[in-house]
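Written below as structure tokens is the structure these notes are about.
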Protein chains: 2
Amino acid sequence: MTFAPVPLRATLAAVAGGAAPERSIRARLSAIHADDPALRAFHALSPDLRPAFAATGPLAGVSLGVKDIIDTADMPTAYGSPIHAGHRPAADASVVAMARMKGAAIIGKTETCPFAFLDPAPTRNAVDPAHTPGGSSAGSAAAVAAGLCEVALGTQTAGSVLRPAAFNGVCGYKPSFRLLPTVGVKPFAWTLDTLGVFAAGVADAALFAALLTGRDLAVPETPAAPHIGVYRSAIDGEMSAAMAEAVERAARAAERAGARVTIVEEPEALARGRDAQGPIQLHEGALALLHERRAHADDLGPRLSAALDEGAAIVPERYDECRRLARIARRTAATLFESVDALLLPAAPGAAPRSRDTTGSPVFNKLWTLTGNPAVAVPGLLDPAGMPLGIQVVARFGRDRVALEAAAFVEAALRRFEA
Amino acid sequence: MTFAPVPLRATLAAVAGGAAPERSIRARLSAIHADDPALRAFHALSPDLRPAFAATGPLAGVSLGVKDIIDTADMPTAYGSPIHAGHRPAADASVVAMARMKGAAIIGKTETCPFAFLDPAPTRNAVDPAHTPGGSSAGSAAAVAAGLCEVALGTQTAGSVLRPAAFNGVCGYKPSFRLLPTVGVKPFAWTLDTLGVFAAGVADAALFAALLTGRDLAVPETPAAPHIGVYRSAIDGEMSAAMAEAVERAARAAERAGARVTIVEEPEALARGRDAQGPIQLHEGALALLHERRAHADDLGPRLSAALDEGAAIVPERYDECRRLARIARRTAATLFESVDALLLPAAPGAAPRSRDTTGSPVFNKLWTLTGNPAVAVPGLLDPAGMPLGIQVVARFGRDRVALEAAAFVEAALRRFEA
């Protein structure tokens, strides 16, 4: 199986140099036809790319994969579930309409776990098909990793952007909560659901977000050296030995490249926030998917079905208490960035598990989804078996540019000192 | 035209006394068939009420009207727009599924301004058809006012629950932001859109919300006397003379009934918050409706079309600054409730304008939608021409029970001293 992401910047440079948008889009289509029968990253392909061939915006020539829980008016959107097989939404999701407006080709819908939960999608890991690609944005991560599209959209409610990015060795960028509008994204938990971006590397993800939103998010060619806090938390025991070493290697590489690196101990309020994420997700999920739960209980998927039963049993008082802990965690998280620019921690407990019955654990992602802080999975490290080890850079809420620049700095340091 | 709301509590008492749910539902259907051809509150009726006739939950026998921007799997949902005529959603909105689960009959979809903005719906005012019913939840307010259903759901992004409730002389209750899940509600502005409830009176709205959510929201038979702050703000000059007098009468009635009544002057931060609501609504609206704006620009409606053009011109930096003002307003609003239990102010500048080319002004509602505070339109006062004058009770964020109990107290005081 191939493992060759196509950098967004390469495609944009080709188009800027006079290449027709059609050329790069057709190259991605060829790759899809060659590799996707085995990879299974795509659920559906665009029925008509002619408007994209003729596009002129800043994303002209760029192929975008869209996770199938995100509505598209020209393609079926099944939310990864047999319950909604063949469903055709009335409108494009906002983020899809934004991408089209900027000239991107919505090349296809990528596979997702049903309703973006934990029951595995059919997608294979792009590096080694015996391993999980992660979830729930499995198709988006694998498609970018295999070079089937330059960029892809996913969503994260617990760890569904950072984890599959880490497992497939690409960049996954989860913006600050609400930076990308979730209108037209099938909701699971409305206080957590966050749209994110997959790309070959950090600079590509940042540039895509900048061009999509018109915000100042692109990172400079030479990122400034940040003050990095290596985050020590109550769950560090869940890291594999290889991941613990990877975080250490990333910290040392950043230091050698000029970053100041210190240790940040997890405040108790953040440990409590992490524990509150689960009940919030499941209580909201049981309401968000109440129609499906009442009308199609047998087709939900086993993990989702059990989780929604659990969520339905959480009374409003417990939910309100968890939301209070979330607010405290959010305020506490802000204080960490009074002393450092960015935190460094694992994007997942280790490399992708060698199994297709699991999507791996979101335990290192849940807290930052709850607090809404921008988080970036940085590729570049491998375990002894050659599987990617993704590390995570987190910055202050609303400081997405800081998160992306610090992540780009770490990525460059890894290329320089770990190649 | 009739003007006889049916109290929820009367229907629930009848069912508790042994009446079949079918009986009350059929009575509402008869009223719809008699009065709706002139009133035009309903856009579509349920194709099959047999499951509701046999329902057993706490809302069995209760007919619920659902604003047509709220998804229903068994009825078309056109979002008030020709663009989506005949659209059939894949799932019920969460709040619809919740109501069905509790036994309510989803009797029909109520008319709304297109995409819940300002272009008028076909509905007439239930008190005098020459006047606007308000908007955008026009059908829900008029349907409840005319006794076509006991309760109805609407949404408020600027003033679309409180204002039509006031204009039709019923209770409109806008809960704290996110208390009712907006999953399956067509978004306009994701930081503002709030589901709300219409009912004959405050106790009915509170009881419905309590039964729907399982939260402690029902008000006692004899509400406790609150400390009320009459809210004096920068926009008081926009009140009609009759409305200024109505607020005064309500304050005096509450005082005679035992409430402590003082004056609360609007902090500058809240005036600035009110001014920030518009740019936030329009910037988010231009993204939320980007698909419709790009594919169906000519069918949006004139006011919406102009507003979305305005929203699309608002750059992210200005939007972010308005969101910052909103956060400050939210914190400042909380401080007001350190000295009073609830604020009293108009729910609209005056009675419903005698016109069907406008839906009236949301100026007295925008701030509290922005801050997310619970707000209740209290019926009971009339202008010299017999048109309803709705007043508004606002409480601290998350203290919906306080808002509802204070509103019920004011409502009772008006019945006692203004009848």
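Values below: all heavy atoms of this structure, side chains included; hydrogens, waters and symmetry mates excluded. Not measured: the values here are computed from a predicted model. Sequence lines set the chain letters: A, B, ... in the order given, protein chains first and strands last, and positions in each chain run from 1.
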Self-check item: Most contacts with chain B, counted as non-hydrogen pairs under 4.5 angstrom, among A:P187, A:P89, A:A90
Solution: A:A90
Practice problem: Classify the side-chain pair B:T157/B:D193 by whether it contains a donor and acceptor separated by less than 3.5 Å. | Solution: yes
Quiz item: Any chance the side chains of A:T369 and A:Q277 put a donor and an acceptor closer than 3.5 Å?
Solution: no
Quiz item: Checking B:R324 against chain A: side chain, backbone, both or neither under 4.5 Å from a heavy atom?
Solution: neither
Quiz item: When rounded to the nearest 0.5 angstrom, what is the spacing between SG in A:C113 and CZ in A:F188?
Solution: 11.0 Å
Quiz item: Are A:T155 and A:S160 close enough that a side-chain donor and a side-chain acceptor fall under 3.5 Å?
Solution: no
Practice problem: Name the region of A:P316, side chain, backbone, both or neither, that has any atom closer than 4.5 Å to a heavy atom of chain B. | Solution: both
Practice problem: Indicate whether the side chain of A:D400 and that of A:S176 have a donor and an acceptor atom separated by less than 3.5 Å. | Solution: yes
Quiz item: Taking A:V96, A:L289, A:D320, A:T213 one by one, which has the highest count of heavy-atom pairs under 4.5 Å against chain B?
Solution: A:D320
Self-check item: Contacting moiety of B:Y319, where chain A heavy atoms sit under 4.5 Å
Solution: side chain
Exercise. Quick one: which of A:E292, A:R100, A:M101 has the most heavy-atom pairs under 4.5 Å with chain B, could you say?
Key: A:M101
Self-check item: Most contacts with chain B, counted as non-hydrogen pairs under 4.5 angstrom, among A:M98, A:R88, A:R178
Solution: A:R178
Quiz item: Between B:S136 and B:K67, do the side chains contain an N or O donor and an N or O acceptor separated by less than 3.5 Å?
Solution: yes
